[in-house]
Amino acid sequence: MSSFLALRRVRYFSSATTAAAATINSTTSTDAAESAITISKAKSKLRTEYDPDKALEIYATVSEHYTSPLSSRYAQDLTVKRLAKARRYKDIEKLIESHKNDPKVKQEPYLTTLIRSYGLAGMFNHALNTYNQMDELGTPRTAVSFNGLLSACNYSKLFGKVPQLFVEMSEKYNLRPNQFSYGILIKSYCEIGSPELGIEKMREMEEKGIEVTAVVFTTILHSLYKRGKVEEAEKIWDEMVRKGCELDVGVYNVRIMHVHNDKPESVKKLITEMTDAGIKPDTISYNYLMNCYCMNDMMAEAKKVYEGLEGNCCRPNAATFRTFIAHLCNKEMFEYGYKVFKKSVEVNKIPDFGTLKPLVEGLVKKLNKKDAKGLIRTLRKKFPQKILKAWDQVEVELGLISIESARNDIKAPRT
DNA sequence: ATAGGGTTAG
């Protein structure tokens with residue numbers, strides 16, 4: 001029985017891969033506005049599509065409407081990540097290799113997306129092969145693809161390999177590393193556990209007259225805080241300010257990250273500071289503030305932050321819903337938790353099983369079976385069968401459904 | 001049109 005299912009799955013999948021591959025080469029003359037709509041719809045769907053087969057089908061519609069590397073990159077990234085999670089490496093290869101038949105591979109940005117994708121899938125050797133294949137494919141080389149290769153290496157978590165590639169490839173192909181190349185290199189040193197070497201490379205940038213932006217400072221700052229080197233971090237921050245580096249949300253969020261386990265006043269202070277400097281806090285900043293209030297039992301304040309998000313031109317993201325619902329459950333605020341859950345459904349950012357289970361249990365405990373059932377019913381509509389199995393059991397355990405009807409469901413799933 | 005910041009997990 002299970003092998004039959006497995007077989008069916010493979011066959012179904014192969015046809016989806018082929019479909020995705022085939023559309024890439026078809027010449028379509030859809031007009032740009034229409035393409036943009038199609039792509040944006042596909043992205044929204046992909047975000048919540050965890051079934052790799054379905055993801056591929058959706059991705060096929062994106063390939064069909066290709067306009068620029070950037071516009072389809074997000075979709076390609078998501079598809080590849082889903083496949084990688086399912087360990088479908090052969091299928092990733094099939095998909096990406098098929099793109100090499102497209103005339104656009106002679107364009108460096110296009111080819112670079114392929115290299116990056118292999119990296120995201122953790123298939124660094126494929127990324128490297130693709131990079132070495134460029135002459136054969138007739139794609140010109142600049143720092144763009146070089147940086148793509150270095151990024152692929154970081155994505156594959158081969159941080160130690162980046163410094164070596166940096167030297168080797170820049171010499172072999174006579175390329176001059178730019179500010180992005182250095183940014184990637186410094187990231188790799190920080191990940192290896194040596195922000196000090198990262199700082200050394202930053203000095204090298206200065207000597208060579210390559211602009212050191214907030215991104216590089218942020219990488220180093222983050223690494224220092226993460227390793228508890230607070231004094232060194234403060235020094236880097238001071239240097240950054242002193243040198244007149246343009247500050248942005250990213251750096252501030254790293255600083256907020258560092259203080260958010262403290263009292264809310266510390267977070268508030270930084271938010272005021274950045275706002276005064278004309279930098280708008282984003283969803284990440286507010287998530288920290290909200291979390292911080294929750295950890296300090298200030299739920300009314302946390303609610304205010306959550307409800308004020310849109311007024312601050314921020315949209316709640318997946319992390320907002322997940323962490324807030326978890327805290328609300330801890331505080332037994334299940335009714336409000338259900339409200340937040342409904343909002344997450346509305347915007348297609350539903351938290352995972354582990355987050356929602358305590359919410360259902362809490363609702364039942366408070367004798368609110370109606371909402372508990374409503375929650376599960378909603379999930380049934382949204383998620384693939386595999387994930388839902390866990391919910392069948394929860395339903396029975398909590399007495400939301402009788403064992404008999406659970407059995408019936410196996411034959412005839414509810415709609 | 002290539003680098004950083006949260007959270008994500010099996």
Side-chain angles (χ1 to χ4, degrees), chain A residues 47 50 67-73 78 81-82 84-87 107-117 119 127 131 141-155 162 166 175 177-191 195 198 201-202 205 210-226 233 236 240 245-258 260-261 267 270 274 279 281-292 314 316-326 349 351-355 387 390:
Chain A
R47 212 177 41 222
Y50 289 92
T67 47
S68 75
L70 195 63
S71 70
S72 60
R73 194 172 88 181
L78 275 174
K81 277 193 222 162
R82 297 277 181 270
K85 204 162 188 179
R87 300 209 185 81
Q107 297 166 18
E108 196 183 18
Y110 183 88
L111 182 122
T112 303
T113 65
L114 306 185
I115 294 174
R116 272 176 36 99
S117 288
Y131 184 73
R141 271 176 212 284
T142 71
V144 172
S145 52
F146 171 66
N147 295 344
L149 181 70
L150 296 180
S151 293
C153 200
N154 272 346
Y155 294 153
V162 172
F166 187 92
L175 297 163
N178 61 18
Q179 59 169 330
F180 302 105
S181 325
Y182 273 95
I184 303 162
L185 177 67
I186 289 168
K187 169 77 178 165
S188 78
Y189 279 126
C190 287
E191 288 290 338
K201 287 296 156 188
M202 181 169 78
M205 289 176 81
I210 300 172
E211 190 195 0
V212 178
T213 63
V215 174
V216 165
F217 277 110
T218 305
T219 310
I220 294 168
L221 198 65
H222 179 235
S223 173
L224 289 170
Y225 276 135
K226 210 167 71 177
I236 289 292
M240 187 176 177
C245 178
E246 196 172 336
L247 305 175
D248 63 14
V249 214
V251 215
Y252 269 101
N253 282 342
V254 169
R255 296 183 71 212
I256 291 174
M257 175 200 71
H258 177 244
H260 95 285
N261 288 320
V267 179
L270 281 175
M274 65 196 283
I279 301 162
D282 64 7
T283 304
I284 296 174
S285 327
Y286 288 119
N287 280 353
Y288 279 127
L289 181 61
M290 206 179 69
N291 254 312
C292 187
C314 292
N317 63 18
T320 311
F321 293 118
R322 184 168 38 73
T323 55
F324 196 31
I325 288 177
K349 289 174 184 166
D352 62 358
F353 177 81
T355 308
I387 296 172

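Naming: A, B, ... by sequence-line order, numbering from 1 per chain. Bear in mind that the values here come from a model prediction, so they are computed numbers and not experimental data. These numbers come from the heavy atoms of this one structure, side chains and all, not from hydrogens, waters or symmetry mates.
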Note to self: With a 3.5 Å distance limit and no angle check, can you tell me whether A:T218 reaches the backbone of A:A214 through a side-chain donor-acceptor pair?
What the structure shows: yes

Notebook entry, point to check: Has the side chain of A:E211 got a donor or acceptor atom that lies under 3.5 Å from a matching backbone atom of A:Q179?
Noted result: no

What's the closest nucleotide to the side chain of [X] if the choices are [options]?
| X | options | value |
| --- | --- | --- |
| A:D282 | B:dG4, B:dA3, B:dG5 | B:dG5 |
| A:T219 | B:dA3, B:dG5, B:dG4 | B:dG4 |
| A:N147 | B:dT2, B:dA3, B:dG5 | B:dT2 |

Note to self: Using only modelled atom types and a 3.5 angstrom limit, is any donor from either the side chain of A:D248 or the base of B:dG4 paired with an acceptor on the other?
What the structure shows: yes

Nucleotide [N], atom [atom2] - distance to [atom1] of [X] in whole Å:
| X | N | atom1 | atom2 | answer |
| --- | --- | --- | --- | --- |
| A:F217 | B:dG4 | CZ | C1' | 13 Å |
| A:I186 | B:dG5 | CD1 | C1' | 16 Å |
| A:M205 | B:dG4 | CE | P | 13 Å |
| A:I284 | B:dG4 | CD1 | C1' | 11 Å |
| A:Y286 | B:dG5 | OH | C1' | 16 Å |
| A:R255 | B:dG5 | CZ | P | 17 Å |
| A:L224 | B:dG5 | CG | C1' | 14 Å |
| A:E246 | B:dG4 | CD | P | 19 Å |

Check: For A:Y225, is the NZ or CZ atom of A:R255 found under 6.0 angstrom from the centre of its six-membered ring and inside 45 degrees of the ring axis?
Finding: no

Check: A:S188 and A:N154: side-chain donor and acceptor closer than 3.5 Å?
Finding: no

Notebook entry, point to check: How would you label the contact of A:E108 with the nucleic acid (heavy atoms, under 4.0 Å): base, sugar-phosphate, or nothing?
Noted result: nothing

I'd like a list of close polar pairs between nucleotides 7-10 of chain B and the protein, N/O only, cut-off under 3.5 Å.
unit_1	atom_1	unit_2	atom_2	d
B:dT7	O3'	A:R322	NH1	3.4
B:dT7	O3'	A:R322	NH2	3.4
B:dA9	N6	A:D352	OD2	2.6

Margin query: With a 4.5 Å cut-off on side-chain heavy atoms, are A:P316 and A:K349 touching?
Written below: no

Notebook entry, point to check: By salt bridge (Lys or Arg N to Asp or Glu O under 4.0 Å), which residues pair with A:K81, not counting sequence neighbours?
Noted result: none

Is the shortest side-chain N/O distance from [X] to OP1 or OP2 of [N] below 4.0 Å?
| X | N | answer |
| --- | --- | --- |
| A:S151 | B:dA3 | yes |
| A:R116 | B:dA3 | yes |
| A:H222 | B:dG4 | no |
| A:Y155 | B:dT2 | no |

Checklist line | A:F217: which of A:V251, A:V212, A:I186 passes side-chain contact (heavy atoms from CB on, under 4.5 Å) | finding: A:V212

